[in-house]
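Shown next, in structure tokens, is the structure this report addresses.
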Protein chains: 2
Amino acid sequence: MGEERDKTDSGPRPESTAGALIAAALEIFGRKGFDSTSTREIAAVAKTNIASISYHFGGKAGLRIACAEAFAAHIGALINSLTAHEPTSPTEAEDLLLTLIDRLASHLIGSAEMRPLVAFVLREISDGGPGIDIIYKAMIGPSHQRLCRIWALATGEDPDAEAVKIFVFSIIGQIVYFRIGTAIVTRRMGWTDIGPGEAAKIVQVLKANLRDLIAARRRLPK
Amino acid sequence: MGEERDKTDSGPRPESTAGALIAAALEIFGRKGFDSTSTREIAAVAKTNIASISYHFGGKAGLRIACAEAFAAHIGALINSLTAHEPTSPTEAEDLLLTLIDRLASHLIGSAEMRPLVAFVLREISDGGPGIDIIYKAMIGPSHQRLCRIWALATGEDPDAEAVKIFVFSIIGQIVYFRIGTAIVTRRMGWTDIGPGEAAKIVQVLKANLRDLIAARRRLPK
DNA sequence: AGAATTCAATCAAACGTTTGAAAGGTCAAA
DNA sequence: TTTGACCTTTCAAACGTTTGATTGAATTCT
């Protein structure tokens, strides 16, 4: 029973061997994919022995799940911090919506700190990996539901309507694509990469889009 | 100990070994990723010997590039067929824009025929594979540039403006996400998968979004 | 016949995992 | 305080399997 976690620190711990393995695996899994990552490379980056992976996580697959759990734990606090305030009026909901999209996009696109975590999650999703379940429950499910509620309050639509759910996904899709298709975007834009400066320009466009969409829906009577 | 193969078959199409390998690789690469796909599985699906891959394409990496080229050739005709008509007025541009998004989204999300091709391309993009160059030149570059032109005509903005380019990517991102995040979307929506029926609902939302965004931009004076 | 292609068999390298021993820590008994 | 048994953790080495690629003979086509 060698399971222990440090509650004072957020994210994977670089101190213990298990924490170092999770941190290393999270980064390499995200960058190269699960199958393309060898246990030897993970152990080397974590500065430990290969056998530690089997010892602590039962194997490579177990380490993958531990990475998803570590991400969920790390992102949980961030989600909760954004869930503190609940809007009561449509205008308040609109402001909150714009703020949330700003934060979400900045973290997803621009943040260098979040880059490995985001890469891991996106790869897990597009690969249909076993981490989807954990990630969905910890992050996507609650976030999407909440965004639907706020959007419904802002526009007067039904938060449980199919079209509203799809719409919220389309907004998220706008953001996610700039991470997935970074190689394409940078090439077309003439950028070398998407740093904070480029991310700011993108966020500006996405916020303008959302503003226009809210205005268009608000104009329609219930 | 072998099974006889009738070469004088009257099968549906007499496919060459190279063609069968490309078709098989395209499908498996798209579904499982390049590294996770073994040459043995490709050869088995293509009903040929492993050595054929090295013989025809010089190796696994060569087959990957051949897949990208095959996709580019296949998609080139489709792109050209949509590029036939050039709009002259803003309203004409708006109609064309909506039509193009409809076609693009239907092919990307709903089409069962295109599914393997789309999966391969998206994986190549997110993996930063060597096929990006071919795919960009054959499909993404021309398409994006053209969409920028049409959008600019519809709204009176500058087709070379940075914000316009980013905006067009955001529209594409809306579509792509429903392919990338199919596992997430179906789970939240309570669907089993995204077939033609679900795709139609999504396209409807995306077209409404685009309509609203055009109206909002059009309203602003030049 | 001669070139082009496909085949079974085989190669070295890399893979994830396992092994048994060594190292580190804890704690009750001496 | 010292001792020694016990448990956890780390380590080098090796395991069997699978990988992409290659070989030379067999087959097919021109």
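This is a predicted model, so every value here is computed, not measured. The chains referred to below are lettered A, B, ... by the order of the sequence lines, with proteins before strands, and numbering in each begins at 1.
Of the possible donor and acceptor atoms, one in the side chain of R179(B) sits under 3.5 Å from a partner among the backbone N and O of L108(B). The backbone N or O of P142(B) sits nowhere less than 3.5 Å from a side-chain atom of Q145(B) that would complete a donor-acceptor pair. Here the side chain of S143(A) pairs no donor or acceptor atom with the backbone of I140(A) at under 3.5 angstrom.
For the pair K60(B) and D35(B), the salt-bridge criterion is not met [side-chain N within less than 4.0 Å of a carboxylate O].
L147(A) is listed as a side-chain neighbour of L97(A), based on a closest heavy-atom distance under 4.5 Å. With contacts defined as side-chain heavy-atom distances shorter than 4.5 Å, the pair K201(A)/E162(B) qualifies. When side chains are defined from C-beta on, F29(B) counts as touching I42(B), because their heavy atoms get closer than 4.5 Å.
The stretch residues 42-49 of chain A touches DNA chain D through T48(A), N49(A), each having a heavy atom under 4.0 angstrom from the strand.
The number of heavy atoms from other shown groups lying within 6.0 Å of CD (E86(B)) is above 12.
H56(A) has no side-chain polar atom (N or O) that falls below the 4.0 Å cut-off from OP1 or OP2 of dT8(D).
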(request) Report, as a single string ordered 5' to 3', how protein heavy atoms within less than 4.0 Å touch nucleotides 12-17 of chain C: B base, S sugar-phosphate only, - not at all. (result) ---BBB
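Between F57(B) atom CZ and dA21(D) atom P there is a gap of 13 Å when expressed in whole angstrom units. Atom P of nucleotide dC29(D) and atom OH of Y55(B) are separated by 14 Å, given to the nearest angstrom.
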